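Following: one structure in structure tokens, then a few remarks.
Since the model is a prediction, treat every value here as computed from it, not as a measurement. Side chains are part of it too, since the values below use all heavy atoms of this structure and drop only hydrogens, waters and symmetry mates.
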Amino acid sequence: MKKLFVILLLLSACLPAYADHIFGGYIGFKTHDPSKGQYFFSLRLYVDITTAPVNYDYSMKNYAVPLKIFRKSDNKEMDGVFVTFRKNQDVAFENIACANLRKFSIQVYDYHFEANILNPDDYTDPEGYYVVYDRCCRNKTLDNIVDPGNEAMIFYTEFPPLKVNGKLTQYATPDFPILNGDYICRNKRFEYTFKATDDDADEMKYSVMTPLKGMSTQDAAGLKPEPAPYKTVTWSSGYSSASPFGGSQPLSMNSKTGVMSLKTNNDGLFLFCVVIEDYRSGKKMGQVRHDFQLPVVSCSTNPTPVTDIKYKGNLVSEVEFCPGEQVPLTIDIVSVYHYQWQLDGFSIPGANGATFLATEPGEYRVFKSLKSYCGSDTTSQIVNLKTAVPKPKIRSDKPGMCNFDNVTLSVDPLAGFVFDWVYEKAAFGQGDKITVNKPGWYYAIAAKTGTGCKAEKDSILISNSLTTPLPDPKTSYPGCIGDVIELETTNSPDYTYSWKKEDVILPASNTSKLKTTESGDYRVEVTDKNGCIETSNPYKVIIESKPAIRFDSLDPVCQSNAKKLILYATPPNGKFDGMFVQNNEFDPYAAGIGRHPVTYTYTLPSGCKNEVRRIVEVYKPFDLTITPKEKTIRKNEPVQITSLSNAPGLYFHWHPDDFLDDHNAPNPIVTPEHSITYYLTAINTDGCTMKEEVKIIVDNNGAEPVYMPTAFTPNYDGENDELEVFTYYPDKILMRVYDHWGNVIFEQNENSPKWNGGYKNNLSNPLPTGTYVVILTFRNFNGESVRKTFEVNLLR
């Protein structure tokens, strides 16, 4: 569509650039068949042919006029359309002489476009859209705005989204009648009607606003409408939207009837803008802006005799006639006067003679004015033409039929009249009441008894309303405690809803959706606009409890710990998550100093899951050294061991405590009788642990310096986890361990053999606590074979 718009835009470049002959108009919009994307755009322009260029009529009839559509919320361009010439006609003036003072001769040009042009799915923004036509420029002789010859004009109309909640929108903008060619007499009260019609029967609110200022120039007159925002014209001193004609009395606009009234003492040509805002159920649907201009002239005060309208030679105020009949209304004609017939306040083009054949009901009157000069005009009495047959009003005892049940249609009885009933196009009965059981259009035609006068009719559409089948719910709607389950059925503005749980109506459940957190069987009852009811199948909501998790708080750890932290939680087989978690282990060294979250998640087979979050705090390690690391002394020779650290408040523990003066001192004195290794554990105030060891060698001058502890604890706490033989012999020592049945359970021949408490030193096969016999075989410094037996306790 946009490519076509550009091509036509180039073709329309031949339009006259300067448009001071165009002084008013508006854009119309109406849905035609939205299911096919068909929408109707129209444009009405008022043209002063006395100021128009020579070729204006040809150009106005043969060139397309470009309109552009924009989205209100962000002014995005949506599409472009071209409206083409449809018809034109003269605008009738009530007082020709006064109109000639401004040399006015007005014609109205109507343009339209209707085709498959818009996709409703592209027009769903709730703020709606607007369509514009930008054209340069206004009449140079306007007296109430600044620099009118260089002020472009914007014709602007708004329309609502074309699709709301999946439903196509039916909408038509208000439609102005062809306005009267008129003038305003200076210092005389003046009334003018803009009363429009609305196909949708929406509420219309009228007001007068400042006209919009276009963006086109004399070099590019309306070929590229730009998006909003738009500026407004600049009023000359003494003029405003409240007083566009100036003077001491401001303009008044009836917001409901569209009748404008004013009185001014200024001569000239004056621009103003009438705006109709369209409301449906209190919501604004659209807006139409209608630019227009009227002259103010000095009228003669010479009185003009009043003209009387007659029917069949008699002065009348009301005539009753049969629909289709022509009613001749007459006036007396005097050649020096000009006469203009009007219906419901609007001039009838070409109706200037002594007789007018009226065929429509309404209020008729005649304006009478002098032909040769501008003088006071007069208005005849109003003659109200009424049809002899009143229009009946059909009532139905039901809004519609459900499953082809009976519906009774009726009209109010009226003396002297009978009522003929028509179904679709076939007559089927008479009377003021009738029972029907078929959907379709029904008509009641009022006929006057004995005259054959009939035509007035009313119609009603009876629909067989079977509520749209409701969708079948899913087998079940599972959820967990705390979850919100949303149930949904067919959404339609024609439906009302009532949700029930276990047949109990739920409060505030009158929409197509229901949110719940509770188990149970839910149903929705849908009632359409005709009162037909359908109840859905049950929605089975099953809410399960979340699994209970036990995940105890985690103790702080030190970064220097080489061992990974084993994580435990119940129930098992859940999932641990964290930046430095793999399977069920947390690596404090990789994590680094700080607070690290660890989450345990457990999911039931139903999908309900729970999680518990804990924090592991990793502390900064501290320095710990021991001097000396190894020292050789004589038996019973005292020696001091010194520990050094950069951490205050440390707790110290030495193990084993043999030959120590204080096993909790940072710098203990030891007096060993044999060689021994001491293990130091230091703990700071954060709980960080550091370990060191020191080896003291005792030289026994040729004796047998072999020593072995009497117990060890292979519980993997880093202290005394292995049974170690201490010696200075350079040769190997054969170490055999026996159980209480005399079986060899461990054997090793090393310089310093060690047993870890497992069968054959296999940690995956640990031996039970108890007393074991250890036999050491070795050679002393003299080369003699020595065999020593020990009893050792294995503790866990």
#### Entry: Output field: ring centroids Y568/F576 closer than 6.0 Å
no
### Query
Under 6.0 Å between ring centres, would you say that holds for H674 and F659?
yes
### Task
Output yes when E750 and K732 qualify as a salt bridge under the 4.0 Å nitrogen-oxygen rule, no when they do not.
no
### Query
Are more than 12 heavy atoms from other residues, nucleotides or ligands located less than 6.0 Å from atom NZ of K629?
yes
#### Entry: Between S73 and D125, a side-chain donor and acceptor under 3.5 Å
yes
### Task
Can you label the angle between the F580 ring and the H596 ring as parallel, tilted or perpendicular, going by 30° and 60°?
perpendicular
### Query
NZ of K284: more than 12 outside heavy atoms within 6.0 angstrom?
yes
### Query
When you measure from the side chain of D521 to the backbone N and O of K540, does any donor-acceptor pair fall under 3.5 Å?
no
### Query
Nearest 0.5 Å, what's the CD1-OG distance between I733 and S752?
6.5 Å
### Message
Before you tell me yes or no, could you show the steps for Y738 and N743 under side-chain contact (heavy atoms from CB on, under 4.5 Å), namely the whole-Å CA-CA distance, both residues' side-chain angles and the distance that decides it to 0.1 Å?
### Response
CA-CA 5 Å; Y738 298 85; N743 298 316; over 6 Å; no
### Query
Does any N or O in the side chain of T769 come within less than 3.5 Å of the main-chain N or O of L794, such that one atom is a donor and the other an acceptor?
no
#### Entry: Heavy atoms of other groups near N573 CG, more than 12 under 6.0 Å
no
### Query
When rounded to the nearest 0.5 angstrom, what distance separates NZ in K631 from CD in E637?
7.0 Å
### Query
Does W755 use its side chain to pair, donor to acceptor, with the backbone of M735 at less than 3.5 Å?
no
### Task
Heavy atoms only: give me the nearest V132-E226 pair and the separation to one decimal.
CG2-O, 4.4 Å
### N749 CG to T777 OG1 distance, which is reported to the nearest 0.5 Å
9.0 Å
### Query
Are there more than 12 heavy atoms of other residues, nucleotides or ligands under 6.0 Å from atom CD of E791?
no
### E630/K695 salt bridge by N-O under 4.0 Å criterion
no
### Task
Apply the test ring-ring contact (aromatic ring centres under 6.0 Å, His included) to residues Y156 and Y130: give CA-CA distance (whole Å), side-chain angles for both, the deciding distance (0.1 Å), then the verdict.
CA-CA 7 Å; Y156 176 95; Y130 61 94; 5.3 Å; yes
### Task
I would like to know whether Y495 and T527 meet side chain to side chain donor-acceptor pair (under 3.5 Å); could you show each step before the answer?
CA-CA 5 Å; Y495 293 169; T527 305; over 6 Å; no
### Message
Under the rule for side chain to side chain contact (heavy atoms under 4.5 Å, CB included), what residues qualify as partners of S512, not counting sequence neighbours?
### Response
T489, N491, Y497
### Query
With distance as the sole criterion, is a donor-acceptor pair present between the side chains of S606 and E544 under 3.5 Å?
yes
### Task
Check whether more than 12 heavy atoms from other residues, nucleotides or ligands sit under 6.0 Å from atom CD1 of I505, and answer yes or no.
no
#### Entry: Between Y619 and N684: side-chain donor-acceptor atoms closer than 3.5 Å
no
#### Entry: Enclosure of Q582 CD (heavy-atom neighbours >12, cutoff 6.0 Å)
no
### Query
Should we count NZ of K691 as having more than 12 external heavy atoms under 6.0 Å?
yes
### Query
With distance as the sole criterion, is a donor-acceptor pair present between the side chains of N793 and T771 under 3.5 Å?
yes
### Query
With ring centroids as reference points, do H663 and H655 lie under 6.0 angstrom apart?
no
### Message
Among residues at least two apart in sequence or on other chains, which ones pass salt bridge (Lys or Arg N to Asp or Glu O under 4.0 Å) with D74?
### Response
R71
### Query
Distance-only, no hydrogens or angles: does the N119 side chain make a donor-acceptor pair with backbone N or O of D121 under 3.5 Å?
yes
### Under 3.5 Å side-chain donor-acceptor pair for E719 and T681
yes
### Message
Using the ring centroid of each side chain, check whether Y539 and Y477 are separated by less than 6.0 Å.
### Response
yes
### Query
Hey, what do you get for CD1 (I641) to CD1 (I626), rounding to the nearest 0.5 Å?
7.0 Å
### Query
Just by modelled atom types, is the Y716 backbone N or O under 3.5 Å from a matching donor or acceptor in the D721 side chain?
yes
### Query
Would the number of heavy atoms belonging to other residues, nucleotides or ligands and lying under 6.0 Å from CG of N165 be above 12?
no
#### Entry: Any donor-acceptor pair under 3.5 Å from Y129 side chain to M78 backbone
no
#### Entry: Any N537 side-chain heavy atom under 4.5 Å of P473 side chain
yes
### Message
Run F622 and M690 through side-chain contact (heavy atoms from CB on, under 4.5 Å) and show every step you take.
### Response
CA-CA 8 Å; F622 58 91; M690 296 295 291; 3.4 Å; yes
### Task
Say whether, by atom type as modelled, one donor and one acceptor occur between the side chain of T570 and the main chain of P572 under 3.5 angstrom.
no
### Query
Are any side-chain N or O atoms of R523 and backbone N or O atoms of K501, one a donor and one an acceptor, separated by less than 3.5 Å?
no
### Query
What distance separates I549 CD1 from T599 OG1, expressed to the nearest 0.5 Å?
10.0 Å
